[in-house]
Amino acid sequence: MVKTEKIKNIIKSGNLEGLNKYNSNTICNSCIEILEEEINNFSYDKDIDYLDTLIKILPIYGKKNQKELNEKFKKIHQQVKTFLVQKPGNIDKTNHNYKFLKNLINNIELIQISMLYDYVDKYDGPHYQIIDYIIFDLKKTSIFKDALQRFPYLVNYFDRNNKKIIVSVIDKYIEEVINYNKETGRDEILYYDEIINYILTSPKFIFDIIDKQTILKKIKQSLKEIKKDKKMKTFFLNILLEKVIDEEEEKSIEYYEYKYDIPSSFNIAIKTEVKKIINNYTIDKDRSIIDDYILSFDGEDAKEIDDALSVKILDNNHVQLGVHIADPMAVIDKDSIIFDEAAKRTTSIYLSDKTYPLFPEELMEKLISLNEGNYRPAISYYFEFDENGKFIKDEFIKSVIKVDRNMTYKDFNHILEKDGNDKLSETVKKLNTASNILQSYYKKDPLYEKVNRTTNNITNTNIIGRSKGERVVEATMIFTNHRVATYFYNNGLPFSYRNHVIGSEQQEELNRIEQYILNEAYNEECIKFIEILKNIYPNAEYDIVSKGHFGLDINPYGHVTAPARREDDDLNIICLDKFYFDEYTEEDIIKYNNFLSKHVKRINAKRPSIEKFSSRYENLTR
């Protein structure tokens with residue numbers, strides 16, 4: 001108790017260096033005792049201002065006991081709310097301690113959020129509040145949304161500059177609109193647009209009339225000062241104007257296409273180029289003609305077929321697996337307007353009743369898609385395994401292939417169950433055996449599978465089913481991606497890697513909630529932890545530096561197996577063409593690294609816009 005009094009006096013004095021003589025556990029326990037005592041003996045005429053300092057330092061010294069600390073905060077939070085609701089009749093809202101208690105609730109909520117997402121060290125008390133950190137530095141709308149659901153009054157908080165959050169966010173939005181250019185893009189504008197939506201639509205938000213008038217004045221002044229890119233800047237400032245005056249009109253699909261920069265069609269220049277290519281294209285004579293028995297397996301609604309498989313037993317009884325991937329870059333020049341358009345799109349987008357393709361559909365249908373019975377340019381990846389499933393070697397070939405049959409996953413499963421002995425049945429059996437071998441070379445993190453195995457499959461590249469047919473295709477694609485990435489990684493050559501990185505702090509948090517996530521019981525507790533998981537489990541991203549793929553427990557990893565649907569796969573095929581099939585210089589390495597960096601940055605930045613557009617589209621057409 002003596003120590004507690006001494007710590008209390010140190011905090012009151014403001015000379016916090018005096019705390020250095022005590023260990024963290026002692027300071028934490030003493031602070032909790034002090035806080036509980038002051039709240040239990042609270043009165044409206046007592047000086048308790050020093051508790052503001054105590055609240056700020058408590059989570060720093062209580063990092064090892066965050067669970068216990070959070071429970072204490074919940075109890076104190078409720079007590080303070082009770083004081084505010086049941087205040088004596090002669091105490092009004094101008095009373096110093098009444099306002100202090102309201103501020104105390106805010107600070108407790110901010111600290112609870114910081115502990116929930118392990119951001120205690122990421123802000124510095126009143127100068128750098130956690131909600132400010134989440135909005136302006138972390139920039140994850142999912143975490144802001146989750147924080148808002150748990151603590152709805154956050155929408156009325158003040159930021160580090162003592163401005164209302166809504167004012168600061170709108171100021172930043174306007175700044176991003178005014179500074180927009182084609183190189184920087186519109187991603188920052190769209191991010192702040194999303195945050196503004198969350199704040200303005202919150203039932204707890206109170207829009208101060210002076211703040212509102214100040215904001216409207218800024219918007220109107222900014223509209224007058226636009227000099228370049230007037231069309232786009234006027235569009236986004238008018239969007240903001242509608243939100244602030246609460247007069248937003250019903251939106252159309254065309255509106256969202258423009259807002260999120262999702263082209264709905266290919267222009268006449270590209271269509272003309274497509275016709276020219278179709279009329280003049282001939283397959284390169286240097287490509288090897290493959291006469292393997294080749295099958296493709298896709299979902300029943302597959303539009304582009306860009307992968308197919310073959311398998312055979314060699315004379316030495318080794319298994320040779322062939323993974324044949326369509327090669328759009330054999331048809332499309334990387335300097336053409338068609339590839340420039342693909343670079344803007346970054347991926348095909350598959351929605352419930354519409355597809356926004358990466359490449360023109362006519363070009364895909366007539367020259368690229370691996371349609372049954374047609375000769376198509378491809379990259380054939382061959383992998384050899386011995387009788388025990390040990391990987392022996394690989395070989396990549398610029399090929400011309402003809403798929404014998406286009407089939408579905410259901411076809412595969414049906415043939416496997418029939419146990420026939422014809423060529424088709426034997427091939428399916430061998431592919432199933434090869435799949436079992438491949439699955440031993442990677443290990444999916446169960447949480448990664450839980451997060452990614454969903455119906456939200458915008459690019460139509462996630463295999464969401466669990467049947468043997470789907471497992472075969474999934475295993476062969478993962479292994480192929482890994483082996484190609486390995487070639488570039490081992491040789492230090494330019495390549496776009498698919499990284500999925502989890503830090504040690506995130507890993508600790510994931511370990512803590514894993515038991516809840518993997519529990520199939522869909523109860524309220526489970527739902528709560530799934531929501532937390534969505535916010536702390538990182539997305540995979542592209543980078544020219546390999547950092548490993550945690551979700552697959554594999555390193556290195558990249559994408560080459562869906563070039564008809566993802567621009568990144570085409571970037572890597574371009575690298576294959578230069579650094580595997582051709583000669584190169586040191587200057588080429590520098591040049592291609594710069595080329596990849598530019599494209600990879602845009603692909604990563606574009607993904608959130610695609611997801612938001614897809615969500616808006618589905619809501620509109622539902």
Side-chain angles (χ1 to χ4, degrees), residues 257 262-284 287 289-290 292 294-310 323-334 336-380 398-411 457-461 463 473 477 559-571 573-574 610:
E257 287 173 345
I262 308 294
S264 60
S265 61
F266 293 93
N267 64 44
I268 191 65
I270 291 173
K271 290 177 180 178
T272 302
E273 184 70 9
V274 166
K275 287 181 180 178
K276 185 183 80 174
I277 292 173
I278 291 173
N279 292 334
N280 297 288
Y281 177 72
T282 56
I283 293 176
D284 186 350
R287 288 181 173 265
I289 299 175
I290 304 296
D292 294 349
I294 301 175
L295 306 173
S296 73
F297 301 96
D298 289 278
E300 293 186 15
D301 58 348
K303 293 178 174 63
E304 298 102 357
I305 300 170
D306 53 9
D307 58 82
L309 306 172
S310 64
V323 180
H324 310 276
I325 305 297
D327 184 4
M329 303 316 296
V331 176
I332 302 164
D333 190 281
K334 68 180 177 64
S336 70
I337 60 173
I338 297 175
F339 188 75
D340 287 346
E341 179 67 17
K344 282 178 59 179
R345 295 172 181 242
T346 74
T347 182
S348 294
I349 306 173
Y350 294 82
L351 302 172
S352 57
D353 63 352
K354 186 173 182 178
T355 298
Y356 292 78
L358 181 67
F359 295 119
E361 291 169 303
E362 185 180 9
L363 194 62
M364 285 300 307
E365 173 66 24
K366 293 187 176 179
L367 294 181
I368 299 172
S369 186
L370 304 180
N371 298 329
E372 181 180 312
N374 292 298
Y375 285 98
R376 294 286 190 255
I379 307 290
S380 294
K398 291 174 79 170
S399 62
V400 176
I401 67 168
K402 182 178 72 170
V403 173
D404 290 272
R405 289 188 63 175
N406 293 143
M407 308 177 74
T408 66
Y409 299 131
K410 286 184 178 180
D411 293 332
N457 195 7
I458 297 167
T459 62
N460 206 26
T461 53
I463 297 177
V473 174
M477 298 305 115
H559 279 160
V560 296
T561 55
R565 291 171 276 182
R566 294 183 302 225
E567 183 210 354
D568 187 75
D569 300 54
D570 294 296
L571 297 177
I573 288 175
I574 290 170
I610 291 172

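Treat the numbers as computed from the prediction; the structure is a model and nothing was measured.
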Any idea which heavy atoms bring [X] and [Y] closest together, and the distance?
X	Y	value
L358	A564	CB-O, 3.8 Å
I573	P563	CD1-CB, 3.6 Å
P328	A326	CD-O, 3.2 Å
A330	P377	CB-CB, 3.7 Å

For the [atom1] atom of [X] and the [atom2] atom of [Y], what is their distance to the nearest 0.5 Å?
X	Y	atom1	atom2	answer
I338	D333	CD1	CG	9.5 Å
L295	D411	CG	CG	10.0 Å
S348	R566	OG	CZ	10.5 Å
S399	I289	OG	CD1	10.0 Å
D327	I574	CG	CD1	9.5 Å
E567	T347	CD	OG1	9.5 Å

Any donor-acceptor pair under 3.5 Å linking the side chain of [X] with the backbone of [Y]?
X	Y	result
D569	A562	yes
N406	E372	yes
R287	I401	no
D404	I294	yes
R345	P357	yes
S369	E365	no
N267	A269	yes
N374	K366	no

Below 4.0 angstrom, N of the basic side chain to O of the carboxylate: do R565 and D307 qualify? yes

Might you work through the side chain to side chain contact (heavy atoms under 4.5 Å, CB included) test for I349 and I262, ending with a clear yes or no? CA-CA 9 Å; I349 306 173; I262 308 294; 3.9 Å; yes

Do [X] and [Y] come within less than 4.5 Å of each other through their side chains, counting heavy atoms only?
X	Y	answer
R376	N371	yes
V403	I305	no
S296	L370	no

If you draw a 6.0 Å radius around NZ in K354, do more than 12 non-hydrogen atoms from other residues or ligands fall strictly inside? yes

Is it the case that atom OH in Y375 sees more than 12 heavy atoms from other parts of the structure closer than 6.0 Å? no

Go through the steps to decide whether E304 and F359 satisfy the test side chain to side chain contact (heavy atoms under 4.5 Å, CB included), and finish with yes or no. CA-CA 10 Å; E304 298 102 357; F359 295 119; over 6 Å; no

Show your working on side chain to side chain contact (heavy atoms under 4.5 Å, CB included) between L363 and V331 and close with a plain yes or no. CA-CA 9 Å; L363 194 62; V331 176; 4.0 Å; yes

Start with the C-alpha gap between V323 and L309, add the side-chain angles, then the distance that decides, and say whether side chain to side chain contact (heavy atoms under 4.5 Å, CB included) holds. CA-CA 5 Å; V323 180; L309 306 172; 4.0 Å; yes

Per the side chain to side chain contact (heavy atoms under 4.5 Å, CB included) rule, which among E361, E341, E273 passes with F266? E341

